[in-house]
Amino acid sequence: MPTNVDALKEKYKEGYRCIHKDDSNGCTYVLRDFNKGKIYDVHTNDRMEIGEIDDFLDQLNKIKKQTGHDCICTGHECDD
């Protein structure tokens with residue numbers, strides 16, 4: 001059974017990006033696909049999942065700061 005972490009990573013591969021984190025009741029990550037204009041929410045109360053998601057997003061931000069671009073292929077770039 002896929003976890004919320006897996007769902008978030010899959011959405012990243014599809015082109016969604018995290019635009020907001022709300023941790024007032026558990027933790028909700030709001031993802032947006034800017035090409036399609038769609039929104040997707042990932043919600044979890046599991047502290048381990050929250051930690052894994054935060055770590056994943058932190059690693060992406062570090063790579064983005066170093067390289068100047070996103071490191072996740074959304075499929076659109078890989079169709080060649």
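Remember, it's a predicted structure, so these values are computed and weren't measured experimentally.
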Fill in: Donor-acceptor contact below 3.5 Å, side chain Glu49 vs main chain Thr44
no
Worksheet item: Taking the side chain from Asp54 and the backbone from Gly51, do they hold a donor-acceptor pair closer than 3.5 Å?
Response: no
Fill in: Counterpart residues, salt bridge (charged side-chain N to carboxylate O under 4.0 Å, His left out), relative to Lys62 (two or more places apart)
none
[atom1]/[X] to [atom2]/[Y] distance, rounded to the nearest 0.5 angstrom?
| X | Y | atom1 | atom2 | result |
| --- | --- | --- | --- | --- |
| Ile63 | Asp58 | CD1 | CG | 11.0 Å |
| Leu57 | Tyr29 | CG | OH | 6.5 Å |
| Cys27 | Ile50 | SG | CD1 | 4.5 Å |

Fill in: Qualifying salt bridge (charged side-chain N to carboxylate O under 4.0 Å, His left out) pairs with a residue from residues 38-48, counting only residues at least two apart or across chains
none
Discussion item. If you define the side chain from C-beta out and look only at heavy atoms, does anything of Val30 sit under 4.5 Å from Ile39?
Written reply: yes
Fill in: Note, Lys11 side chain near Val42 side chain (heavy atom, < 4.5 Å)
no
For [X], which residues count as a side-chain hydrogen bond (donor to acceptor under 3.5 Å, both in side chains) partner, sequence neighbours excluded?
| X | answer |
| --- | --- |
| Glu52 | none |
| Asn61 | none |
| Lys9 | none |

Practice prompt. State, to 0.1 Å, how close Gly26 and Asn45 come at their nearest heavy-atom pair, and which atoms those are.
Written response: CA-OD1, 3.0 Å
Discussion item. Enumerate the ring-ring contact (aromatic ring centres under 6.0 Å, His included) contacts for residues 30-66, please, sequence neighbours excluded, ordered by first and then second residue.
Written reply: Tyr12-Phe56
